[in-house]
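Here is the structure we will look at.
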There are 2 protein chains.
Amino acid sequence: MSDTDKPGEISASRPRPRTNPRRTPEAAQSGAAGRRRLSMVDVAAHAGVSIGTVSNVLNRPELVAEPTLLRVREAIKTLGFVPSAPARQLRAGTSRSVGIVVRDIGNPFFTEVLPGIEARLSQEQLLLVVCSSGDSLEKEAHHLQTLEQHRVAGILITPAGDDVGHLVELHRRGIGIVLLDRLGAGSQLCTAAVDNVRGGELAGRHLLSLGHRRIGFLNGPSIVRQCSDRRQGLFRAIRDAGLDPEDVVTEVSLPALTAQGGETGLDELLARTRPTALFCVNDMVALGALRGLERRGIAVPDEMAVMGYDDVEFAALLSPSLTSVRQPKHQLGQAAAELLLTDSRGDANHWHQEIVFQPELVVRASTSALPRSRDH
Amino acid sequence: MSDTDKPGEISASRPRPRTNPRRTPEAAQSGAAGRRRLSMVDVAAHAGVSIGTVSNVLNRPELVAEPTLLRVREAIKTLGFVPSAPARQLRAGTSRSVGIVVRDIGNPFFTEVLPGIEARLSQEQLLLVVCSSGDSLEKEAHHLQTLEQHRVAGILITPAGDDVGHLVELHRRGIGIVLLDRLGAGSQLCTAAVDNVRGGELAGRHLLSLGHRRIGFLNGPSIVRQCSDRRQGLFRAIRDAGLDPEDVVTEVSLPALTAQGGETGLDELLARTRPTALFCVNDMVALGALRGLERRGIAVPDEMAVMGYDDVEFAALLSPSLTSVRQPKHQLGQAAAELLLTDSRGDANHWHQEIVFQPELVVRASTSALPRSRDH
DNA sequence: TCCCGGGGTTGAAATGTTTCAATATTTTGT
DNA sequence: ACAAAATATTGAAACATTTCAACCCCGGGA
């Protein structure tokens with residue numbers, strides 16, 4: 001310990017005697033006044049070793065002799081010492097945590113992706129900090145700023161907006177970044193995603209094959225990439241069938257991709273037109289739409305076919321069971337985590353990878369062929 | 001880097017050669033070697049002030065003269081300086097983040113409670129770290145340890161196990177703790193919860209009033225407090241009706257409170273007996289049970305009434321719509337956050353509060369009166 | 001002229017780790 | 001028995017911030 005410091009002597013020897021230790025080592029030891037958290041020096045004192053050795057016990061036990069090891073571990077246990085992550089991190093420069101910024105934590109899609117991510121990250125002893133942006137650019141920016149301040153090793157993000165410039169900038173400053181479920185920045189950032197254009201196309205083909213020619217589309221704001229991608233796929237399917245998307249689709253842009261948003265979006269749609277089929281940009285929106293349709297007494301699928309997107313866990317058991325586009329969520333999560341790990345290892349010049357999974361159509365009871373009577 | 005160190009010279013000239021600046025200010029300025037993150041010294045150099053002043057600009061701008069303030073802010077902006085949370089935290093001893101440990105992030109109940117919590121905490125500029133224990137005591141312990149290492153200001157937790165001793169201990173070490181949705185430790189810790197006994201009772205009364213006398217109960221492990229509380233309420237309702245719970249209830253204890261768990265639990269139940277009603281300890285379990293019943297071709301509610309618990313968002317739209325017990329989730333979240341804020345302010349001797357909300361029965365299509373033909 | 005007060009700024013200590021060169025101790029080889 | 005090598009431990013610097021006593025400068029009052 002520094003109890004060899006005789007203050008008088010020191011202040012005599014130095015020009016500016018600023019040394020005023022708030023509490024003497026003895027005070028710290030006796031723990032009388034008490035509430036200081038213990039640190040490695042306490043452990044070291046208790047075990048009769050230096051703090052360097054304590055550090056070695058914690059991080060490189062193979063360097064420490066058996067008896068010392070036991071003694072120090074004993075001290076740690078009896079004292080109840082818990083190392084300080086901030087201090088560790090300050091010294092190391094790098095932290096053992098990564099952040100994930102999702103658009104809406106209330107959407108089961110994300111919570112179903114999460115386990116895949118967590119599984120991989122906890123193997124590496126990484127702490128996952130979950131933030132939800134609620135599709136607000138300000139909130140997203142705030143979360144990113146906080147995460148950067150915390151010097152997280154990396155960030156998984158489904159950006160709320162269209163522009164990824166700020167993320168590229170963040171990456172340039174040394175933080176690993178992986179875009180989750182958001183294609184289209186392949187050359188600049190790593191990405192793990194499901195092909196949303198393809199998914200939209202699957203949905204479109206399905207509805208067309210059932211004979212539908214007037215399709216309502218409850219979509220999100222077009223700056224959300226998933227939304228514009230799915231629309232693009234839908235339109236492609238329609239064009240491939242020799243039709244004009246403008247004639248077939250009535251699109252409503254929802255402010256929020258929630259059940260509530262879906263329900264009010266339905267009202268707006270029905271005030272404009274009465275399609276025979278409804279494509280909802282995700283299952284939560286479809287949930288709200290179904291609720292609205294039930295309220296209005298419009299039968300599904302007889303009077304209106306409805307399909308969702310994501311195939312979340314409850315989709316199969318809705319009334320009626322919901323046709324949807326399934327995404328390999330667990331794999332997506334795992335792949336994203338894997339990418340983040342390599343990206344934040346900071347091999348500055350590794351290639352940005354774009355991992356793309358393929359979606360899959362799942363047909364259930366909520367979509368059926370258009371009855372001839374209502375064919376046009 | 002430390003090439004300015006001529007060890008021989010220094011160790012010769014000074015008794016204690018502590019000063020070896022790794023990089024000269026010029027080196028920092030030129031940024032040639034590059035990849036060091038910038039710190040307040042860079043800002044200070046750029047603005048021509050001391051780091052103390054930079055700190056003041058950041059934390060107590062009212063102490064700084066106008067022109068200096070502007071100059072420093074300018075420097076911060078042009079340099080793109082981002083303060084280091086770990087360093088700040090190390091010095092301050094306290095952090096701006098709190099943790100929440102939930103049992104299962106995949107359960108919409110939790111994600112529906114979350115917004116209430118976040119709303120309150122982000123007002124205080126606090127970062128919320130979400131962890132999921134998956135009902136594993138080891139995982140929970142690991143999360144708690146990590147959070148303690150990070151010196152979070154407080155922890156919201158729905159404990160996986162029955163014992164809260166370790167949490168009390170944690171609290172004693174100065175971390176704010178609030179139990180979420182887990183009554184019964186009122187004297188030791190703050191709690192925000194919904195009365196689960198009452199909820200179980202509501203469910204029991206409802207099923208009994210419909211004439212059911214053989215009730216299957218898909219419950220979780222009894223060490224999970226919510227589960228034992230709901231059972232207790234169910235049993236109370238049965239006794240109040242002058243019946244013996246042993247005769248009425250067949251209980252299956254699920255390892256996991258998920259849809260998958262519910263589905264396999266149903267198999268186990270039906271292998272033992274064939275009740276007329278099913279009480280599922282939460283809506284996810286009910287989801288799985290419904291899936292299993294559909295697979296077996298057992299009609300709900302005609303051949304078997306089913307009810308869940310939590311009234312999550314999708315419950316109203318399942319096929320058939322699910323009778324459930326509603327909990328005021330948003331309020332619960334807000335109250336919990338509020339408690340945590342007062343608890344972690346560390347007024348050591350404040351009373352531990354227990355805030356209890358009342359649940360509410362929501363009757364839907366999945367439960368109906370027992371047909372006389374099947375009365376026993 | 002001197003002293004006082006006060007706003008602005010500075011310098012250095014302190015926070016709890018990790019790292020690593022230097023030293024102390026033990027073992028091995030000859 | 002001695003040098004060399006291997007092993008174990010130590011001491012102090014460094015990480016980026018906050019805090020606070022000390023200092024400087026300037027104007028005003030006695």
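Predicted, not measured: the structure shown is a model, and the values here were computed from it. Residue numbers begin at 1 in each chain, while the letters A, B, ... track the order of the sequences.
The CZ-C1' distance, from B:Phe81 to D:dA16, rounds to 8 Å in whole Å. For A:Leu38 and C:dT17, the CG to C1' distance is 15 Å, given to the nearest whole Å. Between the CD atom of B:Glu66 and the P atom of C:dT9 there is a distance of 11 Å, rounded to whole Å. Distance, A:Glu62 CD to D:dA8 C1': 13 Å, rounded to whole Å. As a whole-Å value, the separation of B:Arg88 CZ from D:dC15 P is 19 Å. Between the NE2 atom of A:His150 and the C1' atom of D:dA16 there is a distance of 14 Å, rounded to whole Å. Between the CZ atom of A:Arg151 and the P atom of D:dA16 there is a distance of 8 Å, given to the nearest Å. Regarding A:Arg37, its CZ atom lies at a distance of 14 Å from the C1' atom of C:dT17, rounded to whole Å.
Looking at the side chain of A:Leu90, the nearest of the listed nucleotides C:dT17, D:dA16, D:dT9 is D:dA16. Counting only heavy atoms from C-beta on, B:Pro83 has its side chain closest to D:dT17 among C:dT18, D:dT17, D:dT10.
Mapped onto DNA chain C by nearest heavy atom, B:Leu69 and A:Leu58 fall at different nucleotides, with B:Leu69 at the one closer to the 5' end.
Put simply, B:Thr53 has a side-chain N or O that comes within less than 4.0 Å of OP1 or OP2 on C:dT10. A sub-4.0 Å separation between OP1 or OP2 of C:dG8 and a side-chain N or O of B:Thr68 is absent. For C:dT10, one of the phosphate oxygens OP1 or OP2 lies less than 4.0 angstrom from a side-chain nitrogen or oxygen of B:Ser50.
Over its full length, the helix from C:dT1-D:dA30 to C:dT30-D:dA1 turns its helical axis through 60°, comparing axes from the five pairs at each end and rounding to 10°.
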>> Before you tell me yes or no, could you show the steps for A:His150 and B:His150 under ring-ring contact (aromatic ring centres under 6.0 Å, His included), namely the whole-Å CA-CA distance, both residues' side-chain angles and the distance that decides it to 0.1 Å?
In response: CA-CA 11 Å; A:His150 278 263; B:His150 279 263; 8.3 Å; no
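Side-chain atoms of A:Thr191 do not come within 3.5 Å of backbone N or O of A:Leu179 as any donor-acceptor pair. The backbone N or O of B:Ala160 sits less than 3.5 Å from a side-chain atom of B:Glu140, completing a donor-acceptor pair. The backbone N or O of B:Thr158 lies less than 3.5 Å from no partner atom in the side chain of B:Arg182, so there is not a single donor-acceptor pair. Side chain of B:Ser95 to main chain of B:Arg151: a donor-acceptor pair is present (N/O by atom type, distance under 3.5 Å, no hydrogens or angles).
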Sub-3.5 Å pairs of nitrogen or oxygen atoms, protein against nucleotides 24-26 of chain C:
none

Set out, line by line, the N/O atom pairs under 3.5 Å between protein and nucleotides 19-21 of chain C.
{"residue": "C:dT19", "atom": "OP2", "partner": "A:Arg60", "partner atom": "NH1", "Å": "3.3"}

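In this structure, B:His171 NE2 and B:Leu189 CG are separated by 6.5 Å, a value rounded to the nearest 0.5 Å. One finds the CG atom of A:Leu156 at 7.0 Å from the CG atom of A:Leu121 (value rounded to the nearest 0.5 Å). Summarising the geometry, atom OG belonging to B:Ser122 is positioned 12.0 Å from atom CD1 belonging to B:Ile117; distances are rounded to the nearest 0.5 Å. Atom CD of residue A:Glu118 and atom CG of residue A:Leu126 lie 11.0 Å apart, to the nearest 0.5 angstrom.
Using a 4.0 Å cut-off between charged side-chain N and carboxylate O, B:Glu169 and B:Arg172 make a salt bridge.
In terms of heavy atoms, A:Leu128 sits closest to B:Val129 at O-CG1, 4.0 Å. Listed here is the closest heavy atom pair of A:Ile51 and A:Val41: CG2-CA, 3.7 Å.
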